[in-house]
Amino acid sequence: MSYPFKEIEKKWQNFWRENDLDKTKDDRKKKKYYILDMFPYPSGAGLHVGHLKGYIATDILARFKKMQGFNVLHPMGWDAFGLPAENYAIKNKVHPQKAVDENIKNFKDQISIIGLSYDWDREINTTDPNFYKWTQWIFTKIFEQGLALRSFEPVNWCPSCKTSLANEDVEMGKCERCGALIEKKPLAQWVLKITKYAERLLEDLKFVDWEESIVEQQKNWIGKSEGALIDFFVAGVKEKITIFTTRLDTIFGCTYIVLAPEHELISKLKIKNLEEINDYVQKAKIKTDIQRTAEEREKTGVEIKGIKAINPYTKKEIPIFVADYVLGSYGTGAIMAVPAHDERDFDFAKKHNLEIKQVINPEKGEIELPFIDDGVLNNSEKFNNLISQEARKKLLDFAIKNKFGKKEVFYKIKDWVFSRQRYWGEPIPLVFCENCANKIKNQKSKIKNEFNKGEILNPGWISLVEKDLPVELPKVDYYEPTGTGESPLANIKNWVLTKCPKCGGAARRETNTMPQWAGSSWYYLRYLDANNRKELVDKKKEKYWMPIDFYVGGAEHATRHLIYARFWHKFLYDIKKVSTIEPFKKFIHVGLVLAEDGRKMSKRWGNVVEPKKVADEFGADSCRLYEAFMGPFIQSIEWSNSGLRGCFRFLNRVWGLKDKISEKKIDDKKLVILLNQTIKKITEDVAAFKLNTAVAQLMAFVNELEKQKEISKKTFETLIKLLAPFTPHFSEEIWSFLGNKNTIFKENWPKYDKKFIEEKEITIVIQINGKLRGEIQTERGANEKKVLETALKNENILKYVKDKQAIKRKIYIQDKLLNLII
RNA sequence: GCGGGCGUAGCCAAAUUGGUAGAGGCGCACGGCUUAGGACCGUGUGGGGUAACCCGUGGGGGUUCGAGUCCUCCCGCCCGCACCA
């Protein structure tokens with residue numbers, strides 16, 4: 001017979017709801033704890049048990065912290081704008097709004113099965129105009145500060161989703177959402193100047209308590225390189241080519257220069273073989289990123305004939321090439337090539353028979369070209385014999401003194417392409433006004449007073465003010481992407497045509513929408529004050545609740561959401577809307593739950609484990625306990641039905657223990673110690689998010705209780721409290737069975753007594769020459785002499801130690817072991 | 001190629017940061033209870049050996065009284081980035 005989990009779970013979920021137990025008040029006398037799950041986008045596929053793992057874990061932590069007396073904020077919402085929702089809607093021929101509403105309902109039903117303690121009064125939805133009003137508001141602030149710019153650079157274009165994408169949305173040259181090959185397409189775009197925040201995004205990582213791997217991923221993504229800009233003059237003309245290098249120490253080995261195909265100078269120079277060059281440039285431009293890498297990094301390129309560059313250090317003339325192994329989008333789009341000390345330059349030089357001049361020697365050992373490490377300079381005139389690091393400084397000083405170079409820092413991170421040519425997103429709250437454009441272009445008025453920074457930088461583009469927000473997404477019947485580079489919104493004339501809020505003249509709305517990442521870049525602030533109609537968040541509430549103490553979500557967001565949100569947060573900090581420089585104090589990623597067959601759970605494989613089925617068969621609490629127990633949280637792990645059954649068995653055994661309760665029973669010393677050790681272990685493990693070992697300890701403790709004939713009520717109550725965060729319904733039921741009227745979650749978390757943590761009688765291990773040969777029982781704190789004497793009474797030890805004289809050395813670790821060297 | 005992580009019974013895993021390797025779960029075996037069981041309960045469960053003991057944390061080497069833990073080289077796996085000058 002199993003315990004009646006079905007009735008119990010329903011009963012207590014109703015009880016919690018009816019008594020508002022999951023509602024969080026802004027009780028500022030209490031210490032706060034803000035624990036947050038990344039909010040999901042409500043897909044049509046629904047949830048499987050893997051999605052719940054993170055929610056269960058944070059729920060355990062939230063309930064635990066509540067019992068510890070914290071004021072816990074634990075909210076949930078929906079990230080419902082964006083490509084996934086829209087593509088689903090198109091595929092199923094329903095309006096995105098309808099699809100989203102249905103999917104949210106489905107998600108919410110699935111989530112509520114397992115008894116999560118979210119405060120649903122604070123629920124948010126990024127597609128709700130009351131929410132996205134503030135997403136738009138933040139955008140206008142970013143614009144006003146001159147951090148949103150109209151750009152005409154070629155962008156990543158997904159031919160299947162028919163929209164431009166940010167760099168972060170591209171994976172290995174493919175669309176992160178649909179897998180289509182990304183093309184480069186010139187398109188007018190709004191880009192956000194995240195690069196202005198690159199240094200702070202990098203630097204401030206030292207203030208967050210995140211996993212090493214996530215921090216490293218962000219560092220790599222931001223990709224800071226410190227180096228120098230050096231001017232190479234073009235012989236005989238006034239032009240110069242500025243290159244970026246981090247290896248100025250190798251400059252005497254620079255035997256040619258390479259320009260990226262996109263380099264602007266190519267069109268300005270007098271080139272003898274112009275046709276050949278243009279041909280190469282054209283071919284390079286249409287290559288996709290995939291093609292570039294697919295060619296096994298074969299280094300193609302063409303020499304620009306008729307001109308030479310002058311190495312400012314050697315004064316020698318060197319050839320100039322165009323090659324697509326140099327990227328137009330990084331540095332200056334031009335490099336000095338040092339084939340002896342760079343693999344790519346080496347390959348290229350070999351192929352084109354160019355001079356390879358070695359200028360660095362390894363500090364020790366033989367040299368093998370290309371030698372790319374730091375070393376000692378030679379063939380470098382007066383800089384010979386310097387070590388690389390020192391040489392870089394001195395060579396830079398020389399360049400600065402002679403005015404052909406300076407220090408420079410570059411970042412790999414690109415500005416955030418923020419426009420999507422799609423329907424299902426927040427409209428970008430800008431209008432274009434011809435009249436204002438002319439004003440700015442002609443500098444007719446005192447434009448500094450009349451226009452903000454963004455408006456001056458983007459003539460004609462006027463940002464809406466707060467009272468005009470939100471710009472609501474018009475309800476339409478046709479919303480499929482056009483593919484022309486225009487958003488579907490462009491076809492809605494009466495929406496597009498509007499008045500300029502500045503001059504009242506005719507204006508038209510921006511028809512592109514924001515990317516999926518916009519709402520999620522600040523949503524965590526809205527939970528603090530979800531229904532505020534006047535501002536994004538009340539200052540006092542923000543100050544009380546921020547930063548997020550514990551954030552849990554997918555690792556795939558390391559270089560997407562987690563970077564964007566940090567960027568917006570820092571911006572909000574700069575305009576004094578938030579009080580912390582970082583939003584997420586601690587972040588832990590949730591490991592995948594794979595199906596029992598080791599593959600990802602997917603409808604395609606038919607291996608999806610649905611929460612409802614699990615809850616029907618074994619109950620929500622077994623599911624919760626198992627997901628906590630299955631392994632270390634961040635690790636990906638295979639689902640196991642027998643493992644789940646094991647947890648179910650465990651709960652049934654605890655259920656059975658009720659019959660052994662005795663009011664009179666007094667626990668023996670051993671059990672008291674184990675109980676206190678258990679409290680300590682679980683308290684520490686849950687706080688450290690080591691839920692698997694916490695559950696293991698609960699099991700070990702229950703195994704011990706089962707050996708008892710009777711169990712004291714007090715001990716049993718403590719066990720139930722320890723179990724409560726993991727199995728809330730189960731624990732409430734037993735708690736009330738024990739005669740308690742109120743919810744167990746109003747109880748204080750058990751405290752252990754240090755006095756009862758350590759056993760007085762302990763076992764000391766006796767080693768002979770480092771090998772285990774016996775153990776003895778003694779009092780805690782016994783000294784070496786006493787332990788040795790006791791040990792020498794042990795038969796087994798005596799076999800090895802014939803007499804005391806044989807002991808050459810003794811190593812005694814208090815209360816642990818005695819190692820005798822003979 | 002670069003960066004991060006990992007490798008412990010048949011499987012998932014634990015090990016207080018250098019001190020009894022394998023807690024806990026699954027599985028398996030035997031026993032009990034059962035008309036029956038893919039249910040439940042109990043006992044056992046790294047390998048070898050009658051035993052004393054020996055061997056054992058991917059492999060080799062090292063430091064140490066003592067190494068899963070530290071150092072070094074190698075092998076394998078996972079994740080991220082990838083012509084970033």
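These values consider heavy atoms only, across backbone and side chains, with no hydrogens, waters or symmetry-generated copies. Here is how names work: the chains are called A, B, and so on, in the same order as the sequence lines, proteins then strands, and each is numbered from 1.
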Checklist entry - When you compare B:rA82 with B:rC73, how far apart are their C1' atoms, in angstrom units rounded to a whole number? => result 27 Å
Item to check | Parallel, tilted or perpendicular, as decided by the 30° and 60° cut-offs, for the rings of A:Phe730 and A:Trp655 | outcome: tilted
Item to check | Distance, P atom - from B:rA21 to B:rC26, rounded to whole angstrom | outcome: 26 Å
Next on the checklist: Applying the Watson-Crick and G-U wobble criteria at under 3.5 Å, what pairs with B:rU17? Answer none if nothing qualifies.
Outcome noted: none
Checklist entry - Given B:rG38, is OP1 or OP2 found less than 4.0 Å from the side-chain N or O atoms of A:Arg645? => result no
Checklist outcome for this item: In 5'-to-3' order, the base (B), backbone-only (S) or no-contact (-) status of each nucleotide in nucleotides 16-22 of chain B, using a 4.0 angstrom heavy-atom cut-off, is B--BB--
Item to check | Side-chain touch A:Leu671/A:Glu704, heavy atoms, less than 4.5 angstrom | outcome: yes
Checklist entry - For atom C1', what is the distance between B:rG42 and B:rC33, given to the nearest Å? => result 11 Å
Item to check | Nucleic acid footprint by protein, nucleotides 42-49 of chain B - heavy-atom cut-off 4.0 Å, B for base, S for sugar-phosphate alone | outcome: S-------
Checklist outcome for this item: As its Watson-Crick or G-U partner within any shown strand, both distances under 3.5 Å, B:rG31 has B:rC41
Next on the checklist: Please report the interatomic distance CD1(A:Ile222) to CD(A:Gln217), rounded to the nearest 0.5 Å.
Outcome noted: 12.0 Å
Checklist outcome for this item: Residues pairing under side chain to side chain donor-acceptor pair (under 3.5 Å) where one sits in residues 806-815 of chain A, two or more places apart or in two chains, turn out to be none
Item to check | Integer angstrom distance from the P of B:rA29 to that of B:rG5 | outcome: 41 Å
Checklist outcome for this item: Separation of B:rC26 atom P from A:Leu625 atom CG, nearest Å, is 12 Å
Checklist entry - Whom does B:rG80 pair with, Watson-Crick or G-U wobble, provided both distances fall under 3.5 Å? => result B:rC2
Checklist entry - Hey, does the side chain of A:Tyr626 come within less than 4.0 Å of B:rG25's phosphate (OP1/OP2), counting only N and O? => result no
Next on the checklist: What I want to check is whether the side chains of A:Asn641 and A:Glu596 have a donor and an acceptor closer together than 3.5 Å.
Outcome noted: yes
Next on the checklist: With rounding to the closest Å, how many angstrom separate the P atoms on B:rC71 and B:rC6?
Outcome noted: 12 Å
Checklist entry - Any side-chain donor-acceptor pair under 3.5 Å between A:Tyr411 and A:Glu199? => result yes
Item to check | Geometric class of the A:Trp517/A:Tyr564 ring pair [parallel <30°, tilted 30-60°, perpendicular >60°] | outcome: tilted
Item to check | P gap between B:rG37 and B:rG49, integer Å | outcome: 34 Å
Next on the checklist: I want to check something: taking the side chain as every heavy atom from C-beta on, are A:Leu259 and A:Val326 in contact at a cut-off of under 4.5 Å?
Outcome noted: no
Next on the checklist: With a 4.0 Å cutoff (strictly under), does any side-chain N or O of A:Asn692 reach OP1 or OP2 of B:rA14?
Outcome noted: yes
Checklist entry - Got A:Ile60 and A:Arg624 here, is their nearest side-chain heavy-atom distance under 4.5 Å? => result yes
Item to check | Same-atom distance (P) from B:rG44 to B:rA23, integer angstrom | outcome: 12 Å
Checklist entry - What about A:Lys299: does its side chain form a donor-acceptor pair under 3.5 Å with the base of B:rC83? => result yes
Checklist entry - Expressed in whole Å, how much space separates the C1' atoms belonging to B:rG10 and B:rG27? => result 7 Å
Checklist entry - Are A:Arg809 and B:rC65 close enough that a side-chain N or O sits under 4.0 Å from OP1 or OP2? => result yes
